[in-house]
Enquirer: 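Pasting in a structure now, in C-alpha cells, and then I'll have a few things to ask.
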Amino acid sequence: MAIADWGLAEVIVVNPDGEWQGAVMTRGEGPGEVQAPLTWVDANTLLVLDFGVYRLTTLDLASRSACVTAVDPAFLSPVFMSGEATFVAVQPDQTVWLGSCPEPGGRYELEVFDRDGTTLVRFCHPGEAFPLSPAERGEDAGEDTDEGMPDAWRSVLREVGESPEPAIISRIVVDADRRIWVQRDRPLPGAGNTHGASGAMYDVFLPSGRFLGSIRLPDDQRLLEARGRRVWTLHTGSFDEPSIVALEIEGF
C-alpha cells in the first residue's frame, strides 16, 4: 500500500502484512522527490503524479531508481480550473482517465484516453442527480451538516436556493482490477473530498464500460481501493480516529 501524504509531501509504503516500510519519496524537486503527490502502485513500480512540479515519477521499488516524465501544465491546470472535468488520474499503464460533467437528460459520461490523446473507450450511463441534502440547502440538520462550515457559507447557500442542475457524480476510483467506481453522492459543502463522501453510493463498471451494478458503503466509511470482492475503506470513528477496513462484497 502506498500512502500519499500531502502535508509532508511524502509517499509512505506499508507491506501486505501491515509493516511500516517508511518513506520512499520525500519533499523536493529532484529525482525521487515530490511536492504534492498522488500515487498509483503495482507489484514492483510506484507511479506518482506530482501536481506541485507537473511531472510523473516512476520509481522502481527494488532499486529505488527513479525516472521522471514531464507533464504539460496546460493539461492539468485547466482540467481543475474549468470545472468541465470532475476527475483526472494517470493509471499504472499510463493511460489517462477523465470524468466529465453531467450530460443533459439525466446521464453522465466517462472517457478514457491513451498517452497520445487517443480515446480508448467512451460511454454514458443514465442517472438522475440525488436530491440536495439539508447542508447543501444551507440548513442546520445536526449530524447531516458539516459542523466546520462557517455560518456565512450557510447563509449564502440558503440565498442561492435549490440548484437547477445538481451534480450527478462527484468522484471516480479505478480499482486494482481496473473497474470504475463512480461516486453518486456529493460531499458536504465545505468538507474535504480527499476520500469522497462517507457512506456513498457507487456505480461500478468494467473497463469496457459495461455496468456491473451499484453498491452503497457502510456509514462512516470512504472507498480507498477494491480488488475482486474485497473492498478497502477508510473508517472514521466517533473521536475522528482513522482506520482501514477490509470488506467482502456479497452477490456482486
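The model shown is predicted, which means the values in this text are computed figures rather than measured ones.
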Enquirer: Nearest heavy-atom pair of E29 and R55: which atoms, and what distance?
Expert: O-NH1, 2.9 Å
Enquirer: What distance separates R229 CZ from I249 CD1, expressed to the nearest 0.5 Å?
Expert: 8.0 Å
Enquirer: Does one side chain, of D60 or S65, offer a donor that lies under 3.5 Å from an acceptor on the other?
Expert: no
Enquirer: Mind running side-chain contact (heavy atoms from CB on, under 4.5 Å) on H125 and R107 for me, showing each step along the way?
Expert: CA-CA 5 Å; H125 186 70; R107 65 178 187 172; over 6 Å; no
Enquirer: Does the side chain of E248 reach to within under 4.5 Å of the side chain of R230, using non-hydrogen atoms?
Expert: yes
Enquirer: Do W181 and D175 come close enough that some side-chain heavy atom pair is under 4.5 Å?
Expert: yes
Enquirer: Considering non-hydrogen atoms only, spot the tightest contact between R178 and P207 and give its length.
Expert: O-CG, 3.1 Å
Enquirer: Start with the C-alpha distance between Q183 and I169, add both sets of side-chain angles, then the distance that settles side-chain contact (heavy atoms from CB on, under 4.5 Å), and finish with yes or no.
Expert: CA-CA 6 Å; Q183 180 178 301; I169 63 175; over 6 Å; no
Enquirer: Has the side chain of Q35 got a donor or acceptor atom that lies under 3.5 Å from a matching backbone atom of G28?
Expert: yes
Enquirer: How far does CD1 of I180 sit from CZ of R210, to the nearest 0.5 angstrom?
Expert: 12.0 Å
Enquirer: So do L217 and L223 actually touch side chain to side chain, heavy atoms under 4.5 Å?
Expert: yes
Enquirer: Please name the pair of heavy atoms, one in P242 and one in L234, separated by the smallest distance, quoted to 0.1 Å.
Expert: CB-CD1, 4.0 Å
Enquirer: For A66, give me all partners under side chain to side chain contact (heavy atoms under 4.5 Å, CB included), at least two apart in sequence or on another chain.
Expert: T57, L59
Enquirer: Crowded around R216 CZ? As in, over 12 foreign heavy atoms under 6.0 Å?
Expert: yes
Enquirer: Can you tell me how far CG of L120 sits from OG of S208, rounded to the nearest 0.5 angstrom?
Expert: 12.5 Å
Enquirer: Are I12 and L8 co-members of a hydrophobic cluster defined by side-chain heavy atoms under 4.5 Å apart?
Expert: no
Enquirer: Considering only heavy atoms from C-beta outward, does the side chain of V68 approach that of L56 to under 4.5 Å?
Expert: no
Enquirer: How far does CG of L110 sit from SG of C124, to the nearest 0.5 angstrom?
Expert: 8.0 Å
Enquirer: Quick one, D5 and V11 - any side-chain contact, counting heavy atoms below 4.5 Å?
Expert: no
Enquirer: For the residue pair V48 and M25, establish whether any side-chain heavy-atom pair is separated by less than 4.5 Å.
Expert: yes
Enquirer: Measure the OG-CZ distance between S170 and R186 for me, rounded to the nearest 0.5 Å.
Expert: 8.0 Å
Enquirer: Salt bridge or not for D203 and R184, using N-O below 4.0 Å?
Expert: yes
Enquirer: In this structure, are over 12 heavy atoms from other groups packed under 6.0 Å from Q21 atom CD?
Expert: yes
Enquirer: Please check this pair: side chain of E19 against backbone of D17, looking for a donor-acceptor N/O pair closer than 3.5 Å.
Expert: no
Enquirer: Do F123 and F211 have ring centroids that are under 6.0 Å from one another?
Expert: no
Enquirer: Are any non-hydrogen side-chain atoms of H235 and I244 less than 4.5 angstrom apart?
Expert: no
Enquirer: Give a yes-or-no answer on whether the side chains of T119 and E111 include a donor-acceptor pair shorter than 3.5 Å.
Expert: yes
Enquirer: Could you check D185 against Y202 for side chain to side chain donor-acceptor pair (under 3.5 Å), going step by step and ending with a plain yes or no?
Expert: CA-CA 8 Å; D185 292 78; Y202 284 86; over 6 Å; no
Enquirer: Hey, could you give me the CG/OG1 distance between D219 and T236, rounded to the nearest 0.5 Å?
Expert: 12.0 Å
Enquirer: Quick one: do L212 and R179 satisfy side-chain contact (heavy atoms from CB on, under 4.5 Å)? Show the steps, please.
Expert: CA-CA 9 Å; L212 291 179; R179 294 173 304 190; 3.9 Å; yes
Enquirer: Would you mind reporting whether M1 and W232 have side-chain heavy atoms less than 4.5 Å apart?
Expert: no
Enquirer: Compare every heavy atom of L61 with every heavy atom of L46, then report the nearest pair and how far apart it is.
Expert: CB-CD2, 4.0 Å
Enquirer: Is it true that R27 and E10 have a side-chain N and a carboxylate O under 4.0 angstrom from each other?
Expert: no
Enquirer: Apply the hydrophobic cluster definition, ILVMFWY joined by side-chain contacts under 4.5 Å directly or through others, and give me every member besides F130.
Expert: M201
